[in-house]
Amino acid sequence: MDSKLKAQVIACVSVIVLIILGTVYMINRDKPVAAGAQGAETQQESTEVQTGIYAQYQLRPDKDPTAFLQDPDFFDVEPEEADQSKVLSLQASSTQKDLRIYVVDGNGNPVSGQQFALRISRDGSEAQTYEDEDQDGMLYLTDLAAGDYAISINPVDGYAVPDSALSASVSESVSYTVLQDISFLIKTEDEVDPTVEDTGVREAEEDADGTETNVRLADGASVFGIDVSKWNKEIDWQKVKAAGVEYAIIRCGYRGASTGALVEDPYFEKNIKNATEAGVRVGVYFFTQATSPVEAVEEASMVLMLCNQYKISFPLYIDTEGAGGNGRADGLDVEARTAVCTAFCETIENAGYTAGVYASKNWLTKKLDAQKLSPYSVWLAQYSGKPSYQGTYDMWQYTSAGTVDGISTLVDFNVSYMDY
């Protein structure tokens with residue numbers, strides 16, 4: 001090869017090498033140059049490894065690809081989401097000189113089957129420990145002094161407990177305010193024995209004088225309606241509306257005559273939803289077996305919780321009747337029974353609704369102080385051709401033997417002298 005050709009070959013090889021080096025430089029100019037004699041090898045490895053755990057550190061001039069070596073938690077596996085059934089919190093409410101405390105899990109359900117120990121102190125005093133001996137996840141304390149209380153739970157194996165104490169205030173007098181956590185007390189009929197809990201006796205039927213009529217009495221001065229519960233079974237509300245029914249007072253639940261459990265009427269949700277959709281205006285009633293104003297506030301809170309998503313046109317009533325003589329509230333005297341009705345109505349009214357009392361003529365004259373209940377709507381039950389009750393009332397239930405298209409059972413008829 002002559003010198004001229006040799007020079008040309010060398011020039012061509014040099015150009016190719018320069019092109020290759022330029023290309024490599026362009027590809028790698030944004031990547032850091034590793035220090036030391038292992039730079040080229042490290043650079044090659046970092047070019048190839050871009051996935052997996054290294055992907056957390058982007059290879060840029062302002063990022064150190066070896067930074068993970070200084071991070072002791074870099075290779076830690078992310079913990080699984082905590083089992084919410086094992087995460088505990090506390091909720092508490094007070095009506096009068098009492099505290100009702102619930103131990104609930106992360107899903108908001110009461111935790112049963114575990115004996116919890118709660119530490120409770122008032123106004124910074126030394127804490128006392130109370131045991132949940134029946135393991136139902138609820139502790140009820142009465143006869144407490146008024147003040148601000150701090151409530152905490154002792155550590156429990158297998159559970160995560162809150163680090164800080166729960167604050168709750170206890171008042172000297174009855175607080176007619178809604179209990180926000182009442183859902184924990186509400187049961188379905190699948191959880192109780194309805195044959196011993198739902199045993200209300202119609203006092204109006206016992207007082208009937210034989211002159212009642214089952215025709216519709218409404219005229220221009222009154223509005224015709226009905227009241228229903230689970231005893232009326234399935235109802236076709238479109239037919240009820242077409243039959244001329246303008247309103248319905250629907251039972252939402254009752255307090256058990258034996259155990260005192262708060263039980264939702266199994267037909268309530270279906271009845272109020274379908275009646276409203278059919279254009280029938282609605283009110284609600286609750287059959288009480290409360291023995292104190294505290295329990296009456298619970299009952300009112302249940303009613304308000306069940307009704308808050310519906311348009312309520314008529315009052316929310318407490319139904320006070322006997323439960324066959326063996327009901328837990330059957331033996332109340334006039335003062336105690338009137339206090340129960342007042343507490344219920346005050347709680348309802350404080351929540352912005354109209355409250356009322358349903359009772360027979362006999363109960364209004366002999367077992368209640370009707371004068372003290374006059375600020376509320378009174379729904380009189382007297383099965384006769386003409387009411388003889390001398391007190392004030394704005395709705396009259398005059399028969400339990402009515403018939404309406406869309407309802408397969410006999411049904412109560414009412415006239416309201418207030419067109420709510």
Side-chain angles (χ1 to χ4, degrees), residues 100 102 104 107-113 134-138 140 178-179 181-203 205 226-237 240 248-277 282-291 294-310 312 316-330 340 344 348 358 400 406-412:
R100 182 175 281 103
Y102 304 93
V104 300
N107 298 313
N109 300 316
V111 180
S112 58
D134 57 3
Q135 300 184 13
D136 63 351
M138 192 270 282
Y140 185 52
V178 180
L179 302 177
D181 53 6
I182 196 66
S183 60
F184 299 134
L185 296 182
I186 300 175
K187 299 182 181 297
T188 66
E189 285 202 333
D190 293 334
E191 300 174 277
V192 300
D193 182 355
T195 61
V196 298
E197 302 292 1
D198 194 9
T199 58
V201 175
R202 287 178 174 267
E203 300 291 337
E205 290 183 346
I226 61 175
D227 60 271
V228 298
S229 67
K230 72 176 186 181
W231 306 113
N232 299 105
K233 303 179 182 179
E234 296 290 337
I235 297 175
D236 186 331
W237 285 98
V240 170
I249 313 299
I250 301 170
R251 187 177 79 158
C252 70
Y254 58 90
R255 186 184 285 276
S258 176
T259 65
L262 296 174
V263 186
E264 181 177 352
D265 188 299
Y267 282 83
F268 171 67
E269 183 176 0
K270 181 184 296 185
N271 277 335
I272 194 167
K273 181 176 182 293
N274 293 341
T276 302
E277 290 179 352
V282 298
V284 170
Y285 76 95
F286 182 92
F287 179 79
T288 183
Q289 277 289 290
T291 59
V294 170
E295 291 189 344
V297 172
E298 293 176 351
E299 294 178 352
S301 298
M302 173 179 171
V303 172
L304 292 165
M305 189 203 79
L306 293 177
C307 293
N308 63 10
Q309 61 182 306
Y310 301 104
I312 306 298
L316 304 178
Y317 290 97
I318 182 171
D319 173 0
T320 176
E321 299 177 82
N326 297 316
R328 62 197 300 273
D330 284 0
V340 163
F344 178 95
I348 295 295
Y358 168 94
S400 60
I407 302 179
S408 60
T409 65
L410 297 178
V411 64
D412 301 333

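Scope of the values below: all heavy atoms of this structure, side chains included, with no hydrogens, waters or symmetry mates. Model, not experiment: these values are computed from the prediction.
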Which atoms form the tightest heavy-atom contact between [X] and [Y], and what is the distance?
{"X": "Val196", "Y": "Ala257", "answer": "O-CB, 4.0 Å"}
{"X": "Asp227", "Y": "Asp412", "answer": "OD2-OD2, 2.6 Å"}
{"X": "Val282", "Y": "Ala275", "answer": "CG1-CB, 3.9 Å"}
{"X": "Ser183", "Y": "Met305", "answer": "CB-SD, 3.7 Å"}
{"X": "Asp265", "Y": "Ser229", "answer": "OD2-CB, 3.6 Å"}
{"X": "Tyr317", "Y": "Tyr358", "answer": "CD2-N, 4.3 Å"}

Just how far is it from atom [atom1] of [X] to atom [atom2] of [Y], taken to the nearest 0.5 Å?
{"X": "Phe287", "Y": "Cys252", "atom1": "CZ", "atom2": "SG", "value": "13.0 Å"}
{"X": "Asn232", "Y": "Ile407", "atom1": "CG", "atom2": "CD1", "value": "5.5 Å"}
{"X": "Ser408", "Y": "Lys233", "atom1": "OG", "atom2": "NZ", "value": "6.0 Å"}
{"X": "Glu298", "Y": "Ile182", "atom1": "CD", "atom2": "CD1", "value": "5.0 Å"}
{"X": "Asp193", "Y": "Thr199", "atom1": "CG", "atom2": "OG1", "value": "10.5 Å"}
{"X": "Leu306", "Y": "Leu262", "atom1": "CG", "atom2": "CG", "value": "10.0 Å"}

Between the side chains of Lys230 and Asp198, is the shortest nitrogen-to-carboxylate-oxygen separation below 4.0 Å, so that they form an ion pair?
yes
Give a yes or no on this: more than 12 heavy atoms of other residues, nucleotides or ligands lie within 6.0 Å of atom CD of Glu189.
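Atom CD in Glu189 is crowded, with more than 12 foreign heavy atoms closer than 6.0 Å.
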Would you find more than 12 non-hydrogen atoms of other residues, nucleotides or ligands less than 6.0 Å from Asn109 atom CG?
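Check passes, neighbour count above 12.
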Dump the intermediate steps for side chain to side chain contact (heavy atoms under 4.5 Å, CB included) on Lys270 and Trp237, then the final yes or no.
CA-CA 10 Å; Lys270 181 184 296 185; Trp237 285 98; over 6 Å; no
Side chain to side chain contact (heavy atoms under 4.5 Å, CB included) with Leu179: which of Val294, Val297, Leu304?
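Of the listed residues Val294, Val297, Leu304, the side chain to side chain contact (heavy atoms under 4.5 Å, CB included) partner of Leu179 is Val297.
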Take Ile235 and Val240 through the side chain to side chain contact (heavy atoms under 4.5 Å, CB included) test and state the conclusion after the steps.
CA-CA 8 Å; Ile235 297 175; Val240 170; 3.7 Å; yes
Side-chain donor or acceptor of Arg328 paired with backbone N/O of Gln289 under 3.5 Å:
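Indeed, once roles are kept as given, a pair shorter than 3.5 Å links the two residues.
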Keeping the roles fixed (side chain from Arg251, backbone from Tyr285), state whether a donor-acceptor pair exists under 3.5 Å.
no
Before you tell me yes or no, could you show the steps for Val263 and Tyr254 under side chain to side chain contact (heavy atoms under 4.5 Å, CB included), namely the whole-Å CA-CA distance, both residues' side-chain angles and the distance that decides it to 0.1 Å?
CA-CA 5 Å; Val263 186; Tyr254 58 90; 3.5 Å; yes
Take Phe344 and Val303, measure what side chain to side chain contact (heavy atoms under 4.5 Å, CB included) needs, and give me the verdict at the end.
CA-CA 10 Å; Phe344 178 95; Val303 172; 4.1 Å; yes
Mind checking side chain to side chain contact (heavy atoms under 4.5 Å, CB included) for Thr259 and listing every partner two or more places apart, or none if nothing turns up?
Glu197, Ala261
Is it true that Tyr102 and Phe184 have ring centroids separated by less than 6.0 Å?
yes
